Amino acid sequence: MQTTPIPSPRADALVSVRDVSMIYRTRDPSGAALQTVALKDANLEIKAGEFISLIGPSGCGKTTLLRLLADLIQPSSGTLSIGGKTAQAAREARAYGYVFQAPALFEWRTVQQNVMLPLEIMGFSKPEREARAAQMLKLVGLEKFARNYPWQLSGGMQQRASIARALAFDPQLIFMDEPFGALDEITRENLNLELLRLWRETGKTIIFVTHSIPEAVFLSTRIVVMTPRPGKIEKIIDVDLPQPRDFETRESARFFEIATEVRESLKHGHGYEVTE
Amino acid sequence: MTRRSSNAVPMLVVALAAIALYFPAMIWLNASQAQKLLSRGAELKCGDALACAFNLRSPIIPAPNQLLEDIPRLYWPLTDSTTVPYNAFFTGLETLLGLLLGALIGLGLAVLLTSSKAFERAVLPWLVASQTVPIIAIAPMLAVLLGANGVQGLLPKVLISAYIAFFPIAIGVAKGFRSPDPLQLDLMRTYNASPQQTFSSLRFPASVPFLFTAFKIAMAAALIGAIVAESSTITDAGLGRMLSENSRASDARGLWLVMIGSAVLGIVLVSLVGVVERLVTPWQRER
């Protein structure tokens with residue numbers, strides 16, 4: 001069995017994952033105990049300012065890893081730290097913004113009110129809330145739709161609103177769980193470009209879950225390849241494509257080389273069930 | 001808005017169909033009734049069965065000429081205690097107060113039901129049981145009990161009305177509190193929102209559409225409660241009192257008009273909920 005090389009812990013790591021495993025204990029219909037290993041012995045160090053993609057097929061533990069970092073679930077073993085804090089302390093300090101698979105906008109709030117939601121919860125003053133919402137909506141190009149309700153927006157616009165909401169309280173770290181998975185290819189490529197621009201302009205650290213190889217290669221500074229049964233980190237690949245990236249980046253020879261490397265790693269881990 | 005006005009046409013078609021059905025049904029039912037009476041040798045003073053269909057003292061369905069005669073008699077003047085509008089006012093007031101009280105109790109119960117599994121397990125079966133007791137059996141008992149303690153006037157009827165109104169509100173709103181998407185709940189968790197914040201920013205607003213659906217059901221139920229309470233207690237006003245008086249007097253024509261008045265009152269009260277709903281849920285407008 002192949003062992004994943006454990007990166008040596010770095011002092012400058014913003015996010016650090018050490019020997020983290022997640023085991024779900026359930027029962028099968030006959031009542032016998034079942035163990036599902038969602039994530040096994042994961043190790044990962046992420047520096048501030050990186051754009052990390054977690055890629056792999058369903059069941060490889062990529063969403064599990066993100067939810068563990070966000071303290072939405074707790075690991076069976078191992079330690080997670082964000083900015084020197086435990087995952088729970090980081091969540092309580094509102095250290096990260098989370099963008100979900102679905103926009104999860106509140107339908108009774110206008111787009112602007114949705115972006116202001118975290119600011120209300122966190123006790124920002126009204127002028128501050130309005131100023132930040134306006135700034136964020138401009139950043140994602142939705143300033144003309146501030147007073148619209150979510151159902152009046154297309155799927156891509158709704159997801160942009162949810163990104164503005166995640167950025168509103170200015171967390172250094174952004175978690176994104178297949179945010180463009182439900183969108184068509186054309187909208188997705190446009191949003192990928194916009195996301196890269198946002199990342200460059202804001203200097204955020206982004207951890208991005210995807211099952212699309214081109215998306216991962218295009219966006220990331222590093223790609224974490226994950227494979228299922230049990231979910232584990234197969235390989236971490238550096239993406240040395242120059243910044244800023246644009247549509248031409250996708251046609252460069254280096255782009256295809258890296259995409260092939262990702263594909264080979266997925267195959268090697270028997271995780272080749274990835275969409276193109 | 002365009003969506004709503006387009007409802008008017010199908011509704012009108014149904015109304016016209018109902019009127020088109022009314023005439024043959026009225027003639028057929030009343031004429032066969034008249035035929036029965038004539039064959040027993042009754043003196044109807046109206047010639048044959050078909051002619052008598054329009055002039056029966058106790059018609060199965062009142063004829064249009066009878067309705068035209070009865071409507072002014074039973075609907076005017078508004079302030080006369082023998083007219084339908086006067087009595088409908090009191091029944092409507094009892095229904096609204098009953099709904100208000102039922103809403104307070106129902107909302108309180110919904111909060112408790114969703115905040116504690118133990119409370120739900122212990123109390124929900126009893127709430128269900130409370131609704132299986134026929135209201136007609138409870139109303140006189142409550143009226144006697146309250147009367148013996150000096151409670152009279154509107155209050156017993158409001159209480160009976162609230163007794164059946166609280167249940168759909170409690171169940172509907174509890175369902176509304178549980179309606180947020182798991183992702184929306186996760187989102188609040190990423191903000192480290194307190195349970196109170198999650199309730200006021202997410203669970204409560206998410207329950208509003210459920211609340212209004214529950215209010216519509218509860219309003220109709222509260223009206224039944226008020227009418228049943230009026231007809232089974234000693235009372236000076238209300239459609240329930242008119243129904244029992246007309247029923248004792250075997251006044252079919254009067255009963256029909258009270259029934260029509262009750263139906264109109266019910267429609268007005270339920271539409272009132274719809275109007276309030278549109279005012280307070282602007283995000284659902286024009287959808």
Side-chain angles (χ1 to χ4, degrees), chain A residues 63 66-67 69-74 82 87-111 113-124 147-153 158-159 162 165-166 168-169 171 173-179 182, chain B residues 1-4 6 107 110-111 114-115 172-216 273-287:
Chain A
T63 295
L66 206 62
R67 292 176 66 81
L69 285 167
D71 189 43
L72 294 174
I73 48 174
Q74 285 71 44
I82 294 169
Q88 188 189 346
R91 179 179 62 80
E92 285 167 1
R94 287 127 178 189
Y96 64 85
Y98 202 116
V99 180
F100 293 91
Q101 278 165 320
L105 298 170
F106 292 7
E107 60 170 21
W108 53 89
R109 285 172 171 256
T110 62
V111 170
Q113 287 167 340
N114 266 291
V115 174
M116 292 197 294
L117 172 74
L119 306 175
E120 281 170 31
I121 304 282
M122 296 172 194
F124 285 76
R147 296 189 184 286
N148 286 78
Y149 286 100
W151 64 269
Q152 297 171 310
L153 270 58
Q158 288 186 13
Q159 202 50 283
S162 93
R165 181 180 60 187
F169 58 102
L173 187 58
I174 306 287
F175 297 144
M176 305 182 94
D177 185 3
E178 290 182 42
Chain B
M1 287 298 152
T2 48
R3 186 74 61 90
R4 270 185 58 225
S6 68
L107 281 172
V111 171
T114 42
S115 53
V173 174
K175 198 175 167 203
F177 287 161
R178 292 203 191 92
S179 70
D181 192 270
L183 288 187
Q184 293 176 323
L185 288 165
D186 278 346
L187 182 73
M188 295 305 274
R189 193 169 151 79
T190 70
Y191 299 152
N192 195 31
S194 68
Q196 292 77 21
Q197 285 174 323
T198 303
F199 181 82
S200 62
S201 297
L202 178 56
R203 290 188 188 276
F204 183 74
S207 77
V208 167
F210 293 81
L211 184 95
F212 279 103
T213 305
F215 271 8
K216 285 176 196 163
V273 178
V275 169
V276 175
E277 179 177 16
R278 272 194 291 281
L279 286 177
V280 304
T281 60
W283 65 89
Q284 294 193 317
R285 238 177 252 165
E286 295 167 47
R287 186 103 72 124

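Only a predicted model underlies this, so the values are computations on that prediction, with no experimental measurement involved. Chain naming here is simple, since letters A, B, ... match the order of the sequence lines and numbering starts at 1 in each.
Residues of residues 201-209 of chain B lying under 4.5 angstrom from chain A, judged on non-hydrogen atoms, are Ser201(B), Leu202(B), Pro205(B), Ala206(B) in numerical order.
Across all non-hydrogen atoms, the minimal contact from Leu117(A) to Leu187(B) is CD2-CD2, 4.1 Å. Between Arg67(A) and Asp186(B), the shortest heavy-atom distance links the atoms NH1-OD2, 2.9 Å. When every heavy atom of Arg189(B) is checked against every heavy atom of Arg91(A), the shortest pair comes out as O-NH1, 3.1 Å. Contact record, Ile121(A) with Gln197(B): O-NE2, 3.0 Å, taken as the closest heavy-atom pair.
Of the two parts of Phe169(A), only the side chain, counted from C-beta on, holds a non-hydrogen atom closer than 4.5 Å to a non-hydrogen atom of chain B. No part of Ala70(A) comes within reach of chain B, as not one of its non-hydrogen atoms sits under 4.5 angstrom from that chain. Of the two parts of Asp181(B), neither the backbone nor the side chain holds a non-hydrogen atom closer than 4.5 Å to a non-hydrogen atom of chain A. With a 4.5 Å cut-off on non-hydrogen atoms, Asn148(A) does not touch chain B at all.
The side chain to side chain donor-acceptor pair (under 3.5 Å) search around Arg94(A) returns none, not counting sequence neighbours.
Counting heavy-atom neighbours within 6.0 Å of Lys216(B) NZ, excluding the residue itself, gives a total above 12.
The structure places OH of Tyr191(B) at 4.5 Å from CZ of Arg165(A), a figure rounded to the nearest 0.5 Å.
The aromatic rings of Trp283(B) and Tyr149(A) lie tilted to each other, with the angle between the two planes from 30° to 60°.
Contacts with chain B were tallied for Phe100(A), Phe175(A), Trp108(A); Trp108(A) has the most, counting heavy-atom pairs under 4.5 Å.
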